[in-house]
**Student:** 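Got a structure for you, questions after.
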Amino acid sequence: MAKVGDALITTEAFTRSYQAGPSILKHPDGPKQSFLNAMINEELLAAELKQDSSYHSNPRIVKALRLLKQELVVERMFKTEVHDRINVRDEEIKQAIEKSGLSIRAKFIISQDKSTMLQCLQKLDGGLEFDRVQSTLAGDVQSRIIFDSTDYVREGELPEPLNTQLFQLQVNTYSDIITMRNAYVIAHCSDRLQEIIDPNDFQKYHDRFHKVLDHRKRLASSRIFIKDFMDPLGIEVEGEPFALMVNSLYDLYVNLPLEQQNFSTDQNPEYEITAEAILNELDRRGAEIAVRSNQGDITLQILLDQLLLKPFNIEAESKQGFAVELRQEIGIALRDYYLEKEGLKRGFDKDPVIQSELASWEEKLMVQAFIEQVKMATTPDDLEMQNYIQHQQLSIKPGEARWNQLQQQLTIQGCKEILDEKIDSLMSKAKIEIFPAELSKIELDNPSKTRGPDTYLFKLGLPYLRSAFATPDPIWGL
């Protein structure tokens with residue numbers, strides 16, 4: 001599509017970025033060209049920023065790339081060991097389509113207390129009708145259960161294992177106690193309706209059900225793979241280091257302002273909880289062994305670095321609750337640590353696709369950091385704002401929403417002027433080739449004259465939002 005110095009913008013990279021990019025970059029009179037221009041601008045900036053060592057050592061860029069590398073290697077592990085081995089047969093698809101014609105009306109008894117559920121099940125086994133169970137329970141027990149019901153639901157609309165257990169029931173029968181993630185459930189089938197499937201529906205819905213079954217198989221196979229991979233490692237978290245982590249992390253956490261109580265890559269740097277801060281709380285005990293396994297021990301320093309690499313959120317009202325949630329987060333961190341370790345042994349990090357994506361995101365992060373620096377430099381202070389407002393004869397006071405909106409508007413305008421000057425300077429020194437014939441060959445949806453809402457694509461399977469692809473900053477469309 002274009003050559004910017006030694007960098008190439010390929011058809012694949014352009015198409016992927018265009019489909020995920022903001023509509024403000026797609027001018028109605030020439031959407032593909034205007035979007036390509038934005039990509040060229042960022043290639044020019046990235047080429048210069050790569051010569052500046054401060055961007056390579058920027059802590060946020062380094063951390064983001066470290067996390068991305070782990071995610072890509074772990075993703076390749078799942079692709080190799082799980083996804084590439086999935087096979088969905090036509091007979092399975094046919095059976096799934098036939099099942100989709102079945103719908104069930106159901107009732108549920110739900111509780112987080114298993115002993116309460118055992119009492120309910122005992123009454124049902126004694127012949128008591130499902131609807132009368134609640135009224136026969138003591139008042140304190142009644143307060144621990146919820147009775148719920150649904151209209152007709154189709155197979156697959158409820159979470160597993162509830163879905164499977166419910167659709168095995170006949171009318172006026174009930175399930176055993178079903179263990180869900182945060183509760184226990186007893187399901188009751190009130191009615192079953194079976195629609196007649198038209199033979200034409202098999203072809204019509206084939207691709208849709210293939211995707212559904214493929215997704216279900218991936219989930220089930222992923223759980224088996226993780227168990228088979230992790231169990232032989234014999235992982236054991238040492239009690240004392242874990243208690244030290246809980247105490248220090250909790251103390252740092254609860255002393256933050258309420259709106260900053262999270263572990264996020266987007267957190268205000270002033271309130272960021274780092275491994276360094278925690279180790280200071282622990283009197284520099286980072287060399288102590290925190291995790292033992294058959295693949296070698298992990299120090300407290302390494303565990304903290306790994307834990308704080310990925311954003312996560314803990315909502316706990318007590319130190320005990322905090323400890324429970326922290327243990328879960330440590331489990332996820334250790335899973336990814338060992339999966340990455342195995343992936344690196346197999347050389348997945350050398351894969352050209354992974355290398356290309358890392359390089360693409362490194363450029364994006366550098367450019368974004370530069371744009372943010374320019375915005376900070378062009379943000380008018382209170383005196384500049386007051387002078388501007390007086391000159392324009394506006395009636396706006398500090399603290400008003402219009403003040404903040406105007407300040408943001410002036411910041412963006414100032415930033416764009418500096419960026420345009422920078423790009424003009426870089427273009428005068430760079431060799432740029434554009435291939436219009438290749439651009440015209442690509443068939444993409446053109447935006448309408450009136451710009452509607454954007455669709456943003458995020459990476460699936462992560463516990464936080466990360467854009468699926470690196471796309472140009474919207475500021476180039478102004």
Side-chain angles (χ1 to χ4, degrees), residues 74-75 77-79 81-114 116-118 120-121 124 130 145-195 197 205-231 324-325 328-329 331-332 335-336 339 458-463:
V74 170
E75 185 179 290
M77 280 289 293
F78 276 99
K79 183 179 185 301
E81 296 295 329
V82 179
H83 303 166
D84 289 348
R85 302 183 182 189
I86 298 296
N87 178 36
V88 180
R89 295 177 289 107
D90 283 347
E91 183 59 32
E92 294 176 283
I93 296 173
K94 183 179 179 182
Q95 290 176 1
I97 294 174
E98 289 173 344
K99 280 185 178 179
S100 71
L102 174 63
S103 56
I104 288 180
R105 190 168 61 191
K107 301 173 185 176
F108 309 100
I109 301 174
I110 307 168
S111 178
Q112 293 182 319
D113 180 48
K114 192 167 185 178
T116 298
M117 296 300 284
L118 287 170
C120 294
L121 187 62
L124 290 169
F130 198 88
I145 62 175
I146 298 173
F147 277 76
D148 200 1
S149 63
T150 69
D151 201 349
Y152 288 96
V153 293
R154 293 183 181 273
E155 210 269 340
E157 290 185 12
L158 298 176
E160 295 292 355
L162 177 58
N163 176 77
T164 298
Q165 295 286 328
L166 176 61
F167 277 81
Q168 290 175 351
L169 298 177
Q170 298 301 313
V171 177
N172 290 328
T173 62
Y174 57 90
S175 70
D176 201 344
I177 296 174
I178 304 168
T179 303
M180 302 296 288
R181 184 176 180 182
N182 298 314
Y184 300 97
V185 180
I186 299 175
H188 176 273
C189 175
S190 304
D191 193 20
R192 293 167 64 99
L193 290 178
Q194 178 68 57
E195 298 177 17
I197 303 296
Y205 296 119
H206 182 279
D207 290 348
R208 172 185 163 192
F209 276 85
H210 182 280
K211 291 178 182 178
V212 170
L213 293 175
D214 180 76
H215 179 65
R216 287 184 192 171
K217 285 192 172 187
R218 286 188 184 199
L219 288 178
S221 298
S222 294
R223 294 189 189 102
I224 295 171
F225 165 62
I226 288 297
K227 180 174 174 52
D228 291 346
F229 178 82
M230 297 296 288
D231 283 357
V324 171
E325 293 193 40
Q328 292 175 345
E329 296 299 336
I332 294 171
R335 177 201 67 188
D336 291 345
L339 282 172
F458 298 97
K459 196 72 175 179
L460 184 66
L462 298 178

**Student:** Could you tell me which non-hydrogen atom of Ser111 sits nearest to which non-hydrogen atom of Thr116, and how far apart they are?
**Tutor:** OG-CB, 4.1 Å
**Student:** Minimum heavy-atom separation for Ile109 and Met117, please, with both atom names.
**Tutor:**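 Looking at all heavy atoms of both residues, the closest pair is O-CE, 3.2 Å.
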**Student:** Quick check against the 3.5 Å criterion: does Ser175 have a side-chain atom that pairs as donor or acceptor with the backbone of Ala187?
**Tutor:** yes
**Student:** Can you tell if the side chain of Arg85 reaches within under 4.5 Å of the side chain of Ser221, non-hydrogen atoms only?
**Tutor:**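 No, every pair of side-chain atoms sits at 4.5 Å or beyond.
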**Student:** For the residue pair Glu155 / Asn163, report whether a side-chain donor-acceptor contact shorter than 3.5 Å exists.
**Tutor:**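 Looking only at side-chain atoms, Glu155 and Asn163 do form a donor-acceptor pair, the distance falling under 3.5 Å.
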**Student:** Take Phe130 and Asn172, measure what side chain to side chain contact (heavy atoms under 4.5 Å, CB included) needs, and give me the verdict at the end.
**Tutor:** CA-CA 9 Å; Phe130 198 88; Asn172 290 328; over 6 Å; no
**Student:** Taking C-beta and beyond as the side chain, do Gln194 and Ser103 meet within less than 4.5 Å on heavy atoms?
**Tutor:** no
**Student:** Can you check salt bridge (charged side-chain N to carboxylate O under 4.0 Å, His left out) on Arg216 and Glu92, steps first, answer last?
**Tutor:** CA-CA 12 Å; Arg216 287 184 192 171; Glu92 294 176 283; over 6 Å; no
**Student:** Check the pair Ile104, Tyr152 against side chain to side chain contact (heavy atoms under 4.5 Å, CB included), reporting the backbone distance first and the verdict last.
**Tutor:** CA-CA 5 Å; Ile104 288 180; Tyr152 288 96; 5.8 Å; no
**Student:** Closest approach of Phe229 and Met77, non-hydrogen atoms and distance?
**Tutor:** CE1-CE, 4.5 Å
**Student:** Does Leu169 offer a backbone N or O that forms a donor-acceptor pair with the side chain of Arg192 under 3.5 Å?
**Tutor:**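 Yes.
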**Student:** Do Lys107 side-chain atoms and Phe147 backbone N/O form a donor-acceptor pair below 3.5 Å?
**Tutor:**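 The answer is no, because no donor-acceptor pair under 3.5 Å joins these two groups.
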**Student:** Should Tyr184 and Ile178 count as side-chain neighbours, where that means a heavy-atom distance under 4.5 Å?
**Tutor:** no
**Student:** Given the rule in the side chain to side chain donor-acceptor pair (under 3.5 Å) test, do Asp214 and His83 qualify, once you have shown the distances and angles that lead to the verdict?
**Tutor:** CA-CA 9 Å; Asp214 180 76; His83 303 166; over 6 Å; no
**Student:** Say whether, by atom type as modelled, one donor and one acceptor occur between the side chain of Thr173 and the main chain of Gln170 under 3.5 angstrom.
**Tutor:** yes
**Student:** What verdict does the side chain to side chain contact (heavy atoms under 4.5 Å, CB included) test give for Glu195 and Leu193, after you've listed the backbone C-alpha separation in whole Å, the side-chain angles of each residue and the deciding distance to 0.1 Å?
**Tutor:** CA-CA 7 Å; Glu195 298 177 17; Leu193 290 178; 5.9 Å; no
**Student:** Using the side chain to side chain contact (heavy atoms under 4.5 Å, CB included) rule, take Leu162 and Phe108 through it: C-alpha gap first, then chi angles, then the decisive distance, then the call.
**Tutor:** CA-CA 10 Å; Leu162 177 58; Phe108 309 100; 4.0 Å; yes
**Student:** I'd like to check Phe78 versus Ile226 (side-chain heavy atoms, cut-off strictly below 4.5 Å). Are they in contact?
**Tutor:**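 Phe78 vs Ile226: side chains touch.
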**Student:** Any ion pair linking Glu75 and Lys79 (charged N to carboxylate O, less than 4.0 Å)?
**Tutor:**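 Looking at Lys79 and Glu75, the cut-off is not met.
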**Student:** What I want to find out is whether Lys211 reaches Asp207 closely enough, with some N-O distance under 4.0 Å, to be called a salt bridge.
**Tutor:** no
**Student:** If you define the side chain from C-beta out and look only at heavy atoms, does anything of Val212 sit under 4.5 Å from His215?
**Tutor:**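 No; the side chains remain at least 4.5 Å from each other.
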**Student:** Any donor and acceptor pair, going by atom type alone, linking the side chain of Tyr205 with main-chain N or O of Ile97 inside 3.5 Å?
**Tutor:** no
